[in-house]
Amino acid sequence: MAESVRVRFAPSPTGHLHVGGARTALFNWLFARHHGGASLLRIEDTDRDRSTDEAIHQILDAMTWLGLDWDREGPEDDGAYAGYFRQTSRLETYRAHAARLLIEGRAYRCYCTPDDLDARREAAQARGETFRYDGRCRDAAPRPGVPAALRLRIPDTGTTIVPDLIHGDVAFDRATLDDWILVRSDGTPTYNFCVVVDDVTMKITHVIRGNDHLSNTPKQILCYEALGYPQPVFAHIPMILGPDRKRLSKRHGATSVLAFRDEGFLAQAMVNYFARLGWAHGDQEIFTRDELVRLFDIRQVGSTPAIFDRVKLEWLNQVWMKKLAEDPEGRRRLATQELAPYVERLGIAAPREELLLATVVNLGERTRTLAEMAEQGRFYFVAPTGYDPVAAGKLLRPATAAHLDRLLRRLDGLDAWDAATLEGAFRQLASELEVKLVDLAQPVRLALTGRMASPPLFGVMADLGRDEALRRLRALRQAVPGA
RNA sequence: GGCUCCAUCGUCUAGCCCGGUCUAGGACACGGCCCUCUCAAGGCUGAAACACGGGUUCGAAUCCCGUUGGAGCCA
């Protein structure tokens, strides 16, 4: 690409950053980073009734969490998140462009009131026709003092082509388009007009956005032409749908990116998942951020809408938790940065780092989210407060008592307290008692973790330490009736 | 309703642009087996798709047309 790439992500701050928006943001970011270009952020807050600062911060928080940093060219007016553009701070620019179009005759004042328009629309419908503005004010005499909307004068005939990186050339018959409103009679600029003016003045080279904007694009292209500005390259990426194939929304459960963070998903897993929605690189499923930047190619993005599959996301999250736990550095970060807050949320203050590490190492392959990991790893930090009722019913019987007593004596006599030694002792005793290892192990597992399922028992005993392990064993022994 | 987009296993997708290598590949989920102190993870394995109908062609998942279905935008 000859000129340097400049893209933008343009959310409207009327709610949280949802899954679809995040994927759009990611594709823009990847495209920019891949080409060494700039990635800008524009907040489309012209709908003042529905836009809130709260939403802006949530969106920025989510983007920061996902690691989608933007190039800071905008005003430095918002602390940590500075450097983005707000449409409401650009109203003067829209006004100037509107004035120019009016003077040059590319736009005209329309005195039709909303009521007029509604009536004409209904009449058209009654006749079974599709209503389009008929251009009746194109040559209307100026009526000073009368509120007027500003409409773009578009050609009556011909075809407007939207050249699109993903869909190829998409043709729209201009006869199906009409002279659309640039500025409402109350003076507020419309969405499509702001977008064009913004993209032009921000020197955006590639507009990467959701497919839901494709239908608006011919109107925008006509506006570029009226303004005499070059068009950016368009890429309309397929939308993300819910399991019912409808546009993804709250009805489908969590769609807010921050909600996923809250549930204990890793940003890396989210990014990996989003990238694979609509894009693929052969058979590869797991991508690091760097790999994505290197391999991402917008032209390889498919054109089919994708259904959001939480189960696969969960799988990816597990893969990433396991992956991070593999090397010392990742393990430490996963334990102290990612997992710790979830453990603390369980009411465990200042969890010890070595236990956090043990949790991460052992529960990474057993759980799918950090919240789940904390929950299932709780026993590392605190003794069980009760036993799984089914297991208790099965295991807390007199027959177990004798075995436990033998075991306790055996463990007391151990010089070392490591997984290998413990396993040896258990196996030895099991064969002496002529029982299966599992029969000896399960009561102990219940004592230490409160559950029937846990990470490998001997590792758990070692991680807990001799004193704590024996304490929990004796506690269970007390609970065994008889003997 | 008008316009536009989309159509490969239940889901994400590879293949489609540059027809033959496709008895259509991978992944998630699901079943079986192995491993095993539990649960997982892992390994092996099974079931599972080119929406339909016409063309074009020696040959179509791949190109063209239509139908059906889904979605989005505008109203």
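- Judged by distance alone, with hydrogens and angles left aside, A:Lys246 brings no side-chain donor or acceptor close enough to the base of B:A71 to form a pair under 3.5 Å.
- Counting any heavy atom pair closer than 4.0 Å across all strands shown, A:Pro455 reaches a base atom.
- In this structure, the CZ atom of A:Arg127 is 19 Å from the P atom of B:G1, given to the nearest Å.
- A:Pro305 comes within 4.0 angstrom of sugar-phosphate atoms only, judged by non-hydrogen atoms across all strands, and of no base.
- In this structure, A:Gly278 reaches the sugar-phosphate backbone alone: every heavy-atom distance under 4.0 Å involves primed, P, OP1 or OP2 atoms, never a base.
- Residue contacts shown for A:Glu285 include a base, since a base heavy atom lies under 4.0 Å away.
- Between A:Trp315 atom CH2 and B:C30 atom P the separation is 13 Å, expressed in whole Å.
- Within 4.0 Å (heavy atoms only), A:Ala171 reaches sugar-phosphate atoms of the nucleic acid but no base atom.
- To the nearest whole angstrom, the two C1' atoms, one in B:A48 and one in B:C12, are 15 Å apart.
- For the P atom pair drawn from B:A49 and B:G42, the interatomic distance equals 26 Å after rounding to whole Å.
- Nearest nucleotide to the side chain of A:Thr130, out of B:C6, B:G2, B:U13: B:G2.
- As rounded to the nearest Å, B:G32 and B:A51 have C1' atoms that lie 32 Å from one another.
- None of A:Trp279, A:Phe31, A:Phe274 except one satisfies the ring-ring contact (aromatic ring centres under 6.0 Å, His included) rule with A:Phe296; the exception is A:Trp279.
- Proximity of A:His281 to the phosphate of B:A14: no side-chain N or O atom is located under 4.0 Å from OP1 or OP2.
- A straight line from CD of A:Gln318 to P of B:C39 spans 16 Å, rounded to a whole angstrom.
- Listed pair A:Thr304 / B:A7 meets the phosphate criterion, a side-chain N or O lying under 4.0 Å from OP1 or OP2.
- When distances run from any side-chain atom of A:Asp212 to the nucleotides B:G72, B:U38, B:C28, the shortest one goes to B:G72.
- Heavy atoms of A:Arg427 sit under 4.0 angstrom from primed sugar atoms or phosphate atoms, though from no base atom.
- Of the candidate nucleotides B:C73, B:C37, B:C12, B:C12 has the atom lying nearest to any side-chain atom of A:Ile307.
- Nucleic acid contact class of A:Ser454 (heavy atoms, under 4.0 Å, all strands): base.
- As rounded to whole Å, 15 Å separates atom P of B:U13 from atom CD1 of A:Ile286.
- Taking every side-chain heavy atom of A:Asp283 into account, B:G25 is the closest of B:G25, B:A7, B:A29.
- B:A51: Watson-Crick or G-U partner is B:U67, with both key distances under 3.5 Å.
- Annotation: B:A7 and B:C16 have their P atoms spaced 14 Å apart (nearest Å).
- Rounded to whole angstrom, the span from the NZ atom of A:Lys322 across to the C1' atom of B:C39 amounts to 14 Å.
- The residue A:Arg451 sits apart from the nucleic acid: no heavy atom pair falls under 4.0 Å.
- Annotation: B:A47 and B:G31 have their P atoms spaced 16 Å apart (nearest Å).
- Across all strands shown, A:Leu214 has heavy atoms under 4.0 Å from sugar-phosphate atoms exclusively, and none from any base.
- Nucleotide B:C74: paired with B:G1 (Watson-Crick or G-U wobble, both distances less than 3.5 Å).
- Annotation: cation-pi pair A:Arg310/A:Phe308 absent, no NZ/CZ under 6.0 Å from the ring centroid and within 45° of its normal.
- In this structure a side-chain-to-backbone donor-acceptor pair under 3.5 Å is missing from A:Arg245 to A:Leu241.
- In this structure, A:Phe458 and A:Arg245 both approach RNA chain B, and ranking their closest nucleotides by distance from the 5' end singles out A:Phe458.
- Rounding to whole angstrom units, CG of residue A:Leu316 and P of B:A29 are separated by 10 Å.
- Remark: the backbone N or O of A:Pro455 is paired with a side-chain donor or acceptor of A:Arg445 at under 3.5 angstrom.
- The main-chain N or O of A:Thr190 is never found under 3.5 Å from a side-chain atom of A:Tyr94 such that the two would form a donor-acceptor pair.
- The structure places NZ of A:Lys322 at 6.5 Å from CD of A:Glu365, a figure rounded to the nearest 0.5 Å.
- For the C1' atoms, the distance from B:A29 to B:C65 is 38 Å, rounded to whole Å.
- Side-chain proximity of A:Ser215 to B:C39, B:C73, B:C37: nearest is B:C73.
- Place A:Phe172 and A:Ala306 on RNA chain B by their nearest nucleotides, and A:Phe172 ends up nearer the 5' end.
- Atom name P, nucleotides B:C39 and B:C33: the rounded distance is 14 Å, in whole Å.
- The distance from atom NZ of A:Lys219 to atom P of B:U4 is 15 Å, rounded to the nearest whole Å.
- B:G43 sits 49 Å from B:U57 when the P atoms are compared, rounded to a whole Å.
- One interatomic measurement links the two molecules: CG of A:Asp164 to P of B:U4, which rounds to 15 Å at whole-angstrom precision.
- Listed nucleotides: B:A40, B:C28, B:A71. Nearest to the side chain of A:Glu365: B:A40.
- Considering only side-chain atoms of A:Gln442, the nucleotide from B:A27, B:G72, B:U38 that sits closest is B:U38.
- As judged by a 4.0 angstrom heavy-atom cut-off over every strand, A:Arg368 is placed among residues touching the sugar-phosphate backbone only.
- Listed for the A:Asp164 side chain is a donor-acceptor partner under 3.5 Å among the backbone atoms of A:His236.
- With respect to A:Arg474 and A:Asp412, a salt bridge is recorded, a charged nitrogen being found less than 4.0 Å from a carboxylate O.
- Heavy atoms of A:Gln125 sit under 4.0 angstrom from primed sugar atoms or phosphate atoms, though from no base atom.
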